[in-house]
**Q** 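Got a structure for you, written out below as structure tokens; questions coming shortly.
If you're wondering where the values come from, they're calculated on a predicted model, not measured in any experiment.
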Amino acid sequence: MKRKWIGAAALVTAVTLLTACSGQSDAAAPGEKVTLTYANWSEDQTPAMQQIADEFQKANPDITIKVQTLPWTEYWSTLQVGAAGGTAPDAFWMLADHFREYAKGGQLLDLSDTVKSNNIDTSVYPKAVTDSYTYDGKLFALPKDFDTNGIWYNKALFDAAGVKYPDDTWTWQDAQDAAKKLTDPAKGVFGIAAPIDGQGGFYNTILQAGGSIINQDGTASDFGSPAGVAGLKFWTDLQAAKASPTLEQLSDTEAVSMFENQKVAMYFSGAYWALRFHNDAALKGKVDVAPLPQGVKRATVTSGIGNAGYAGSKHPAELKKFLAFLGGTKAAEIQAATGTVLPAYKGTQQPWLDSMPEYHLQVFIDAIGYSVPLPVAGNASEWQGLAAQYLSPAWSGKKSVQDAATEYQAAVDKVLAKK
């Protein structure tokens, strides 16, 4: 997903939307009705989030939950302004690469006591996701879902090109060879999408090459190392072979949209696209998913959305109650049964698998065994945001991968050195 900053007028509109329905009022008296806002960025998931809110309200008739959906292009800037100005929604989705800046700023509700008082066993969530929302020994968000990565592929395009479907034996070479064979300039079809994408792309290949992305103590990156360069080169080679749309084309139309439009045969990304592809009538019977190809070893990054609460909420008791519900089995079961997303709560994933039997979704669950936490050291959103600036010349062939990777590493390390 692309991250863009919105203009001032749009920002004012978005902030007004969140504050107009906000639960930011005086503390509730016993028996008084309370309204809490719950913000997200996905129209695809909004129906399930509303169903979860309705289920909570049945058991808590004095608490009304207003689900608010903002476009991805507005979500983070709106939340940033709201959190700083005291107008943030009560509950909201959080990502690991943005989490620390909010936790350090004291803008998130500490859920450590909520976990204890509600007897929440955090071992039911993937440890990598729970750890991503822990800061200074305190837990500030409960995992909502989790994701690993696989190869989404178009079977019809594979069949037309006479190429065998990907499977768990595929190597990098197999993927690159297939991408070239699947590319058909006359039909405007590309074998693969190769955007500058960390989570779905080069983080995985750097790990598969034996690299580490960021070292364990979070003080230095690994992009300029031999493994780092190899992981980046997997993608730049595809660009050089014209087996992928150019960066300009991918800027005009997102990779996922090109895949949906059947102009791209393979798209390396996460489980969170399953429902969107499932609901696309044009893709019916044409799409499936396979494991990522192997490099020196198997690897994928893993992360997940966390449900967080605003520290400035006027109704913290009610908010904690709602967040505990969001982190429980019922909310997870609703997400799974509706096919919305792969829930983080252990033991609730089978209904998600059953909801879209046309896909080999077990691929994403099996990948947990070789997954590595998404790197979020330092101000992750800042250094990740520098990727396009430093890596674009390598993607376009204007600079060697080694030079671009070395310069990007220096820029990332500079961010990591900030206190």
Side-chain angles (χ1 to χ4, degrees), residues 3 38-41 75-86 88-147 198-199 203 212-221 301-313 316-317 319-324 326-328 344-345 371-386 412-419:
R3 299 172 186 178
Y38 179 34
N40 73 85
W41 61 73
Y75 186 87
W76 293 106
S77 48
T78 301
L79 183 60
Q80 182 182 44
V81 170
D90 297 286
F92 46 87
W93 287 2
M94 179 52 62
L95 285 180
D97 55 357
H98 288 263
F99 162 71
R100 290 193 177 193
E101 58 194 272
Y102 287 92
K104 288 172 66 175
Q107 296 163 330
L108 302 180
L109 199 64
D110 180 4
L111 300 180
S112 302
D113 290 340
T114 302
V115 167
K116 293 178 182 178
S117 61
N118 287 273
N119 296 314
I120 297 173
D121 178 8
T122 57
S123 69
V124 300
Y125 311 121
K127 187 176 184 300
V129 183
T130 305
D131 289 350
S132 295
Y133 296 112
T134 301
Y135 178 76
D136 199 22
K138 300 174 183 178
L139 184 63
F140 289 95
L142 291 174
K144 168 188 172 293
D145 53 49
F146 76 95
D147 53 78
Q199 186 170 349
Y203 290 170
S212 61
I213 308 175
I214 304 292
N215 64 11
Q216 288 190 344
D217 59 9
T219 59
S221 60
V301 291
T302 184
S303 185
I305 294 172
N307 282 307
Y310 179 44
S313 172
L319 177 55
K320 289 178 179 179
K321 192 172 187 178
F322 179 52
L323 289 169
L326 290 174
Y345 202 104
S371 65
V372 175
L374 184 73
V376 293
N379 189 336
S381 61
E382 180 180 355
W383 61 258
Q384 289 175 4
L386 297 172
V412 172
D413 290 354
K414 186 176 180 180
V415 175
L416 293 174
K418 294 179 182 179
K419 301 298 181 182

**Q** Taking Pro375's backbone N and O only, do any of them form a donor-acceptor pair with Gln384's side chain (distance below 3.5 Å, no angle check)?
**A**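 At least one qualifying donor-acceptor pair exists.
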
**Q** Under the criterion side-chain contact (heavy atoms from CB on, under 4.5 Å), I'd like the reasoning laid out for Phe140 against Asp110: C-alpha separation, chi angles, the key distance, then a yes or no.
**A** CA-CA 5 Å; Phe140 289 95; Asp110 180 4; 4.0 Å; yes

**Q** Determine yes or no for a side-chain-to-main-chain donor-acceptor pair under 3.5 angstrom, with Tyr125 supplying the side chain and Phe146 the backbone.
**A** no

**Q** Between Glu101 and His98, what is the shortest heavy-atom contact and its length?
**A** CG-O, 2.9 Å

**Q** Give me the atom names and distance for the closest heavy-atom approach of Ala83 to Tyr102.
**A**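 Ala83 and Tyr102 have their closest heavy atoms at CB-CE2, 4.0 Å.
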
**Q** What is the distance from atom CE of Met94 to atom CH2 of Trp76, rounded to the nearest 0.5 Å?
**A**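 CH2 of Trp76 is found 4.5 Å from CE of Met94.
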
**Q** Rounded to the nearest 0.5 Å, what separation is found between the CG atom of Asp147 and the OG1 atom of Thr302?
**A**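 Going from the CG atom of Asp147 to the OG1 atom of Thr302 covers 5.5 Å.
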
**Q** Would you check if the side chain of Ser371 reaches a backbone N or O of Val301 as a donor-acceptor pair within less than 3.5 Å?
**A** no

**Q** Between Gln199 and Ser303, do the side chains contain an N or O donor and an N or O acceptor separated by less than 3.5 Å?
**A**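 Looking only at side-chain atoms, Ser303 and Gln199 do not form any donor-acceptor pair under 3.5 Å.
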
**Q** Work out which heavy atom in Ala308 is nearest to a heavy atom in Leu323; give both atom names and the distance.
**A**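 Taking Ala308 first and Leu323 second, the nearest heavy atoms are O-CD2, 3.6 Å.
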
**Q** Quick one, Leu142 and Tyr345 - any side-chain contact, counting heavy atoms below 4.5 Å?
**A**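 No. Closest side-chain heavy atoms not under 4.5 Å.
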
**Q** Is a side-chain donor-acceptor pair under 3.5 Å present for Asp413 with Ser221?
**A**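 Yes.
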
**Q** Indicate the atoms forming the closest heavy-atom contact of Leu95 with Trp41, along with that distance.
**A**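 Heavy-atom minimum between the residues: CG-CH2, 3.5 Å.
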
**Q** The test is side-chain contact (heavy atoms from CB on, under 4.5 Å); show your working for Val372 and Tyr203 and say whether it passes.
**A** CA-CA 10 Å; Val372 175; Tyr203 290 170; over 6 Å; no

**Q** Got a donor-acceptor contact below 3.5 angstrom from the Asn307 side chain to the Lys144 backbone?
**A**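 Absent.
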
**Q** Would you compute the distance between atom CG of Leu416 and atom CD1 of Ile214 and round it to the nearest 0.5 angstrom?
**A**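 Those atoms lie 5.0 Å apart.
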
**Q** For Tyr75, what residues pass the side-chain hydrogen bond (donor to acceptor under 3.5 Å, both in side chains) criterion, not counting sequence neighbours?
**A** none

**Q** Determine yes or no for a side-chain-to-main-chain donor-acceptor pair under 3.5 angstrom, with Asp121 supplying the side chain and Ser123 the backbone.
**A** yes

**Q** Which residue pairs pass the side-chain hydrogen bond (donor to acceptor under 3.5 Å, both in side chains) test when at least one of the two sits in residues 128-138, sequence neighbours left out?
**A**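 Found Lys127-Asp131.
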
**Q** Working to the nearest 0.5 angstrom, can you tell me the gap between Leu111 CG and Thr122 OG1?
**A** 12.0 Å

**Q** State the CG-CG distance between Asp113 and Leu139, to the nearest 0.5 angstrom.
**A**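 One gets 11.0 Å once the value is rounded to the nearest 0.5 Å.
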
**Q** Indicate the atoms forming the closest heavy-atom contact of Leu109 with Lys320, along with that distance.
**A**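 Smallest interatomic distance, heavy atoms only, reads CD2-CG, 3.6 Å.
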
**Q** Of the non-hydrogen atoms in Tyr310 and Pro89, which two are nearest, and what is the gap between them?
**A** CB-O, 3.2 Å

**Q** In sequence, state the C-alpha distance, the side-chain angles, and the governing distance for Trp93 and Leu79, and then conclude on side-chain contact (heavy atoms from CB on, under 4.5 Å).
**A** CA-CA 10 Å; Trp93 287 2; Leu79 183 60; over 6 Å; no

**Q** Does the separation of the ring centres of Tyr38 and Phe322 fall below 6.0 angstrom?
**A**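 Judged by ring-centre distance (under 6.0 Å), Tyr38 and Phe322 do meet the cut-off.
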
